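Atoms within a ligand are numbered from 1 in the order they appear, just like the ligands themselves. All values reported here derive from a predicted model rather than from experimental measurement. Hydrogens, waters and symmetry mates are skipped; everything else that's a heavy atom, side chains included, is used.
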Amino acid sequence: MNNVKLLELPKILDERGNLSFFQGPEQIPFAIKRTYWIYDVPGGQQRGGHAYRELHEVIIALSGSFDVVLHDGVKEQRFTLNRSYYGLYVPNMIWRTIDNFSTNSLALIVSDQAYNSEDYVRDFDEYKNLKHAN
Ligand code: TYD
């Protein structure tokens, strides 16, 4: 899928416990402007269901697991994230939904933009029209 990338993050293995990190520009392909996290998701719920016009993001399963379902206007691809040392890079103009959250899962999302409701495309038909207009 166009420009979507699964990033393997550094892993410092240690008997005292493991450590992973990301920093720009080595691991994250943009300057981080915002960080948020999704937690306490009740069984069966889903988040997202939108695309961003401009925003780029990286999604990490810090704890537990969940699926990131991406659609590029033509095809869909499902990524299961269940390790804290992988980040899924999702560029702008990709429709994304997150579902299948395990109990106590924690999704960390870093993005290159501050929150801006105007940047969201929340209607899938509108998304497809915008996508095919390009
Ligand atoms: P939204 O992005 O729609 O959640 P999701 O895509 O995960 O389903 O955000 C839900 C609400 O939280 C919405 O009212 C806007 C608010 N919000 C912020 O105020 N700041 C943020 O950084 C984010 C991500 C959301």
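- Partner of Val68 under the side chain to side chain contact (heavy atoms under 4.5 Å, CB included) criterion, out of Val4, Leu81, Thr80: Leu81 alone.
- Checked for salt-bridge contact, Glu57 and Lys5 miss the test: no charged N lies under 4.0 Å from a carboxylate O.
- Residues Val110 and Phe22 are in side-chain contact: their nearest non-hydrogen atoms beyond the backbone lie under 4.5 Å apart.
- Under the 30°/60° scheme for interplanar angles, the aromatic rings of Tyr115 and Tyr120 are found to stand perpendicular.
- By the rule that hydrophobic residues join a cluster once side-chain heavy atoms approach within less than 4.5 Å of another member, Ile94 and Phe124 end up as members of separate clusters.
- The contact shell of ligand 1, taken as protein residues with any non-hydrogen atom closer than 4.0 angstrom, comprises Arg34, Tyr36, Ile38, Arg47, Gly48, His50, Tyr115, Tyr120, Arg122.
- Between Trp95 and Tyr127, the ring planes lie tilted relative to each other; the angle falls in the 30° to 60° range.
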